[in-house]
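Following: one structure in structure tokens, then a few remarks.
Predicted model, so just to flag it, every value in this text is computed and none were measured. When a ligand or atom number is given, it counts from 1 through the structure's own listing order.
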Amino acid sequence: MYTLDEEGLHTVSQPVKLSDVPLNLPAGGPPLIDPALDSLFQSLLNKFQTAHPAEDSSPLSAAFQLALQMHAGQKRQSGEPYLIHPLEVAHILADMTTDRTCLITGLLHDLVEDTGVTIEQIRKQFGDDVAACVDGVTKLAKLKFYSREERQAESVRKMLLAMVKDIRVVLVKLADRLHNMRTLGALSVERQERIAQETLEIYAPIAHRLGMGKVRAELEDLGFQYTDPLAFGEIQEAMESKRKAHQGLLDEIRTAVELKLRREGVPVRIEARLKRPYSIWQKLKRQKISIDQVYDLLAVRIVTDSVKNCYAALGTLHGDWHPIPGRIKDFIAIPRPNLYQSLHTSVIGPGGQPFEVQIRTEEMHRIAEDGIAAHWKYKEGNKHAVEDDQQIAWLRQLVEWQREMHDPGEFMSTLKVDLYPEEVYTFTPKGKVIVLPRGATPIDFAYAIHTEVGNLCVGAKVNARIVPLKYMLKNGDVVDILTQHGHLPSKDWLSIAKTSKARNKIKAVINTTERAKAVEIGEKYLEKEARRFGVQWKKVDKEHLRTVASEYGFPKMEDLHAALGYGKFSARQVLIKLAPEQVEASEKANAPAEPATPAVQPDRGEDKDLVIRVKGIDDVMVYRAKCCNPIRGESIVGYITRGKGVAVHSVNCTNVQNLMYEVARKITVEWVRTADDTFSVRLTAYADDRPGILSQLTSVVFHEGSNIKSLEAQPDEHRGDGSAIINVLLDVKDKKQLERVVAAVRRISGIRDVERIN
Ligand code: MN
């Protein structure tokens, strides 16, 4: 498991109250400050004042004073005063020439987590920017999640960046991690490994992505050292012997290159170095070779003043030493995605020893080393709008900014970023990251976990509160899906689900259940119509029936039934092919008695007409009106519609009361006692947000012998106090059973009211 914090790196004593602090002071004298801490702060102040001579440094001193007071008495695992850590973090940030807000955040970054200071106090003293940054770093420190696969690591990296609203939070977080890695030795081996692993998988790639080559290199080498001490030791040893052997060679190359370029009038600064342990190790693993076979162990870096001179240096170099074909790379013409720029080549040096050369300008060097952090220097140096625009373009590209920006100036001044505008990063309660498109809902989340979880989803809790299924998920949301056995998705989910995965699964379930229903309806409809036309169904040749089905293009009877059930054609059309004489004879015989009613489309609703009958007449199409959905036991009345049979309403239904001005259309209907059909009823329960309420509700409904078809919970937005509205669709036999269910649900503690919905 990953814990994106370094809680183990320090032991935190009781939070210090400000009133306690004077106890540490000698009477009448100035505060007694550890001279080591004081000089560490003085050198920080110097760095800041040198880099930003025009800026007021007093807030920095105030931040130091606050951190000094609040962290007083706290020690790191190593036994050093805790304050060393925030001071060193601020130093790392100062070395990147970041701004004052960054440095103050560095000094205060552990205050909220480890002392009694609140964000509000920080806001009052240091303003909104610092407060927002400290808050961001504190939030990142609280994240906990698992990762075992590479894909998950990528999600974690993206999520971490997506959660950050100000890029400076990432800079502080990286500086924090870097100092913790530098001092990792004080921890237990187990903790070292975990934190180092996380550094390699999460933080070093983020530094890389933001173009921060220097931080990335150090994080990688430290991460390597602690995750695989054996391999690290071997490589270090091998490199040490090579370094000795190559030292003379490196000096020779360096002098030669320098001399030659100076003579050509190219101003240069030359660094000769050996490749880093971690990148050597990566190369050994990737190419399955031994360290003796790594020929680009030696490297020379040439830093010059202009792009023109970069190419000049390359030419001069190739004039003296033979270049290795296929090793020349022009990252100046085609920069890397993180905006890295340089010319790369490998040449055969003195004594046939190959070495790698990087050529770049000072500006490219800054970007290669500090990446996104390099921005601040430019921002202060270049006041010209055009140049500023170029820097904005650079940053935009750097973070793969994808959206149209209306006011780039404002963007830069606030440094607000939305690194992945099309994705949202959410968690399972166990901390697995689920990446969804923006606008995704708990239904998408449920289907992303598993199809079954999606199908059985009846509600969701986000950050421990019930939300509606249409809730739009936000970065960092912890989502808990509530499921109910036997539940099936409904059609309206199609308008809620955002991902194609969820939509396809929902459609599949709906199609299957609807088809099953259609097959059943179609089969009954055909048999019933056969009886009506005097066709003796039992005697119908089934082989003949199959032939008729195949004439319609259906290989199976089931398909014919489904087509009838969906109302694609009438049963009469089938029957006339099957038994033309009987159908025609029956139609002739009945013609005068029964006016030609068009073949009534079978009722596609859940209940068939068998449960209600028009008093005294048998062969009339009867259906229950959707508006009041009467159930057995209720007083009902029939209303003759135009061409659709008799609609049965509850006598209390307001619709039917309005319709009854046409008295002639009123007809008496009655419940048929024999059928054991059930009726679907919708109930809405108003409940307090109490754990277990859903399971209690299902259990009382079950206890009354009723069956739940669907159940959905959502917050009561009118109340907004955490209470919930629960919608239940259930099957009941009759009015009495419904009354028992409603009474039982009312008795559940936490249920405030129940009502029947039509
Ligand atoms: Mn820290």
Distance-only polar pair, side chains of Asp99 and His52, donor-acceptor under 3.5 Å: no

Ser78 and Glu80 side chains, donor-acceptor separation under 3.5 Å: yes

Name, closest N/O/S atom of Asp176 to the Mn ion (ligand 1): OD1

Asp110 atom (N/O/S) at minimal separation from the Mn ion (ligand 1): OD2

Salt-bridge contact Asp95-Lys214 (side-chain N to carboxylate O under 4.0 Å): no

N, O or S from His179 under 2.8 Å to the Mn ion (ligand 1): no

Pairwise side-chain contact, Leu230 with Asp228, heavy-atom cut-off 4.5 Å (strictly under): yes

Rounded to 10 degrees, the angle NE2 of His85 makes with NE2 of His109 at the Mn ion (ligand 1): 90°

